[in-house]
K.L.:
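Please find one structure pasted underneath; my questions will follow.
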There are 2 protein chains.
Amino acid sequence: MDQTERIIQALDSAGYQATANRRLVAGMVATSGGHFTAADLLERGRRERVNIGRATVFRALELLAELHVIERLDLPSGSHAYVLCDPAEHHHHLVCSGCGRSEDVADGELARLVDEIGQRNGYRIETHRLELFGKCPDCAAGTPPNGAASKASSSAGQRPGGH
Amino acid sequence: MDQTERIIQALDSAGYQATANRRLVAGMVATSGGHFTAADLLERGRRERVNIGRATVFRALELLAELHVIERLDLPSGSHAYVLCDPAEHHHHLVCSGCGRSEDVADGELARLVDEIGQRNGYRIETHRLELFGKCPDCAAGTPPNGAASKASSSAGQRPGGH
DNA sequence: CACGAAGTGAGACTGAGTATCAAATGGATC
DNA sequence: GATCCATTTGATACTCAGTCTCACTTCGTG
Ligand SMILES: [Zn+2]
Ligand SMILES: [Zn+2]
Ligand SMILES: [Zn+2]
Ligand SMILES: [Zn+2]
């Protein structure tokens, strides 16, 4: 719940209204416990019988992404998901291909590596993205955390791309 | 053109027929000179008055991706593009946000870094993806290589995500 | 309460990608 | 070349994500 407050705070201090709908989305995002798609939220809303429009959910996600409260993830399956994350500093995501859980990963040495690559190729690098997929401790042990709800949803269908 | 042959070769040695349509797609892929979307190929086909079905193009791309002759790229804009690349070994892509040109980048130290991250978080890592976006030497110098055709197409619209 | 700005929902619309299925083609075998 | 079967193909319909529009509601402020 504290997480929800943080999101609302972010909205507010960026000059956006913390309306009922946005609070609702904030709540769902905060309790998602992993990655989620727009469709996931929509469905969850429907299940919980909340009345929120399709467009509104998309708009809220877009807004939160803009504020770096959530970040878009491109799953190996090709679909677009989001994860809640710390807006403070640049980082990447380690995502469980079993349950959807996600950890923030500091950039660390990567920054240097990226620099070198840019240098070597004569490119002026603007952005980079690193995404890691694997099995979290629980899923690796065959104990997917079935406690949390939203994970088992549609977006869990993975296709772990070859390496 | 030699590149085209390599693609056809790959199809053949994987037991797929190198039909006229697939040769056609191979040719377009080989001469794309950067990243391209399915829509790009479709449009190029239409422009050059070749008769190839929508589904066929999607199927050909899927097939080539499976053979690791091309690889899917998730552009910052969110759209799915492909780049021609060396199927031999694992690598990543450095993509020009100006003209769409792309360079293969060896994994290098990243493998170790990825390992460490997995270790530290207790994850068993299965895949990772690194994508670098920036301006190629020409684009940085304000001389986008207007020679090549396909680049200026639709897929060039970028939204360089913040860093 | 009155007002303008910000936010919202229903529904139309677009565009990517998939599914279906009958027709075309390829390759093998005689 | 004719026959047979597996592979490939294209037209079409369809699904689904995401956007757009526009009238309506809600918010903050005086
Ligand atoms: Zn897990
Ligand atoms: Zn980074
Ligand atoms: Zn360039
Ligand atoms: Zn790698």
Side-chain angles (χ1 to χ4, degrees), chain A residues 7-8 10-28 35-46 49-67 70 72-82 153-157 159 161, chain B residues 7-8 10-26 28 35-46 49-67 70 72-82 153-157 159:
Chain A
I7 300 177
I8 293 171
L11 279 169
D12 189 66
S13 66
Y16 293 102
Q17 297 177 20
T19 64
N21 277 332
R22 289 181 182 156
R23 281 167 194 277
L24 183 69
V25 171
M28 293 199 290
H35 59 75
F36 54 88
T37 62
D40 288 341
L41 297 198
L42 252 351
E43 197 201 301
R44 187 168 159 195
R46 212 173 328 117
R49 245 161 280 275
V50 233
N51 194 30
I52 184 169
R54 187 175 164 59
T56 304
V57 169
F58 278 97
R59 283 188 284 233
L61 288 178
E62 186 186 1
L63 184 52
L64 294 184
E66 202 175 294
L67 300 178
I70 60 178
R72 206 192 66 217
L73 220 58
D74 294 303
L75 301 184
S77 72
S79 51
H80 292 162
Y82 293 89
S153 81
S154 58
S155 67
R159 168 255 281 172
Chain B
I7 300 177
I8 291 171
L11 279 169
D12 190 68
S13 65
Y16 293 102
Q17 296 177 21
T19 64
N21 276 333
R22 289 182 180 155
R23 280 167 195 278
L24 182 70
V25 171
M28 292 200 288
H35 58 74
F36 53 88
T37 63
D40 287 341
L41 297 198
L42 252 352
E43 198 202 299
R44 185 166 160 196
R46 211 172 331 114
R49 243 161 281 275
V50 232
N51 194 30
I52 183 169
R54 184 176 167 57
T56 304
V57 170
F58 278 97
R59 282 187 284 234
L61 288 178
E62 186 185 0
L63 185 53
L64 294 184
E66 204 173 293
L67 300 179
I70 60 178
R72 207 192 66 218
L73 219 57
D74 294 303
L75 301 185
S77 72
S79 51
H80 293 163
Y82 293 89
S153 82
S154 58
S155 67
R159 167 257 282 174

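Please read these numbers as outputs of a predicted model, since none were measured by experiment. Residue numbering restarts at 1 for every chain, and letters A, B, ... go by the order of the sequence lines.
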K.L.:
Let me know the distance between CG of B/Asn51 and C1' of D/dG10, rounded to the nearest Å.
P.N.:
8 Å

K.L.:
Taking OP1 and OP2 of C/dA16, is either one under 4.0 Å from a side-chain nitrogen or oxygen of B/Ser79?
P.N.:
no

K.L.:
So if I take every side-chain heavy atom of B/Ala55 and compare against C/dT8, D/dT8, D/dG10, which nucleotide ends up nearest?
P.N.:
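The answer is D/dG10, which lies nearest to the side chain.
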
K.L.:
Grab the CG-C1' distance between A/Asp12 and D/dG28 for me, whole Å please.
P.N.:
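Taking atom C1' of D/dG28 as the reference, CG of A/Asp12 is at 12 Å.
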
K.L.:
Indicate whether OP1 or OP2 belonging to D/dA17 is found under 4.0 Å from a side-chain N or O atom of A/Thr37.
P.N.:
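False: A/Thr37 side-chain N/O out of range (4.0 Å or more) of D/dA17 OP1/OP2.
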
K.L.:
Select one nucleotide: of C/dA16, D/dG10, D/dG18, the one nearest the side-chain heavy atoms of A/Phe58.
P.N.:
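Among C/dA16, D/dG10, D/dG18, the one nearest the side chain of A/Phe58 is D/dG18.
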
K.L.:
Between D/dG18, D/dC27, C/dG26, which one does the side chain of A/His80 approach most closely?
P.N.:
D/dG18

K.L.:
What closest approach, in Å, do A/Ala14 and A/Leu67 show between heavy atoms, and which atom pair accounts for it?
P.N.:
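Heavy-atom minimum between the residues: CB-CD2, 3.6 Å.
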
K.L.:
Would you mind reading off the distance between B/Tyr16 atom OH and D/dA6 atom P, rounded to a whole angstrom?
P.N.:
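For the pair B/Tyr16 OH and D/dA6 P, the rounded distance is 17 Å.
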
K.L.:
Does A/Ala65 offer a backbone N or O that forms a donor-acceptor pair with the side chain of A/Arg72 under 3.5 Å?
P.N.:
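Flag not set: sc A/Arg72 to bb A/Ala65 has no pair under 3.5 Å.
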
K.L.:
Taking C-beta and beyond as the side chain, do A/Phe58 and A/Glu62 meet within less than 4.5 Å on heavy atoms?
P.N.:
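Answer no - side chains too far apart.
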
K.L.:
Closest to the B/Gln17 side chain: C/dT8, C/dG7, D/dT8?
P.N.:
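Nearest to the side-chain atoms of B/Gln17, counting from C-beta on, is D/dT8.
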
K.L.:
Do the side chain of A/Arg54 and the base of C/dG9 come within less than 3.5 angstrom through a donor-acceptor pair of N or O atoms?
P.N.:
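Checked by distance alone, the answer is no.
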
K.L.:
Looking at the base of C/dG17, is there any donor atom on it, or on the side chain of B/Arg59, that sits under 3.5 Å from an acceptor on the other one?
P.N.:
no

K.L.:
Side chain of A/Ala38 only, please: which of C/dT20, C/dA16, D/dG18 is the nearest?
P.N.:
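Taking heavy atoms from C-beta onward, the closest nucleotide is D/dG18.
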
K.L.:
Whole-Å distance between C/dG15 C1' and B/Leu75 CG?
P.N.:
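About 16 Å, once rounded to whole Å.
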
K.L.:
Atom CG of B/Leu11 and atom C1' of C/dG26: how far apart are they, to the nearest Å?
P.N.:
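That distance rounds to 15 Å.
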
K.L.:
Calculate the interatomic distance between A/Ile52 atom CD1 and C/dG7 atom P; express it in whole Å.
P.N.:
14 Å

K.L.:
Is B/Arg22 touching bases, backbone alone, or none of the nucleic acid, heavy atoms closer than 4.0 Å?
P.N.:
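Here B/Arg22 touches the backbone only, sparing every base.
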
K.L.:
Taking 4.0 Å as the cut-off, does a side-chain nitrogen or oxygen of A/Asn21 come that near to OP1 or OP2 on C/dG9?
P.N.:
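So the side chain of A/Asn21 is within the cut-off, an N or O lying under 4.0 Å from OP1 or OP2 of C/dG9.
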
K.L.:
Does B/Arg22 use its side chain to pair, donor to acceptor, with the backbone of B/Ala60 at less than 3.5 Å?
P.N.:
no

K.L.:
For A/Arg46 and C/dA10, give me the distance from atom CZ to atom P, rounded to whole Å.
P.N.:
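For the pair A/Arg46 CZ and C/dA10 P, the rounded distance is 13 Å.
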
K.L.:
Are any of B/Thr56's side-chain N or O atoms less than 4.0 Å away from OP1 or OP2 of D/dG10?
P.N.:
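For D/dG10, OP1 or OP2 has a side-chain N or O of B/Thr56 closer than 4.0 Å.
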
K.L.:
Does B/Met28 offer a backbone N or O that forms a donor-acceptor pair with the side chain of B/Arg44 under 3.5 Å?
P.N.:
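Yes, because the side chain of B/Arg44 sits within donor-acceptor range (under 3.5 Å) of the backbone of B/Met28.
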
K.L.:
B/Phe36 has an atom CZ; how far is it from atom C1' of C/dA16, in whole Å?
P.N.:
16 Å

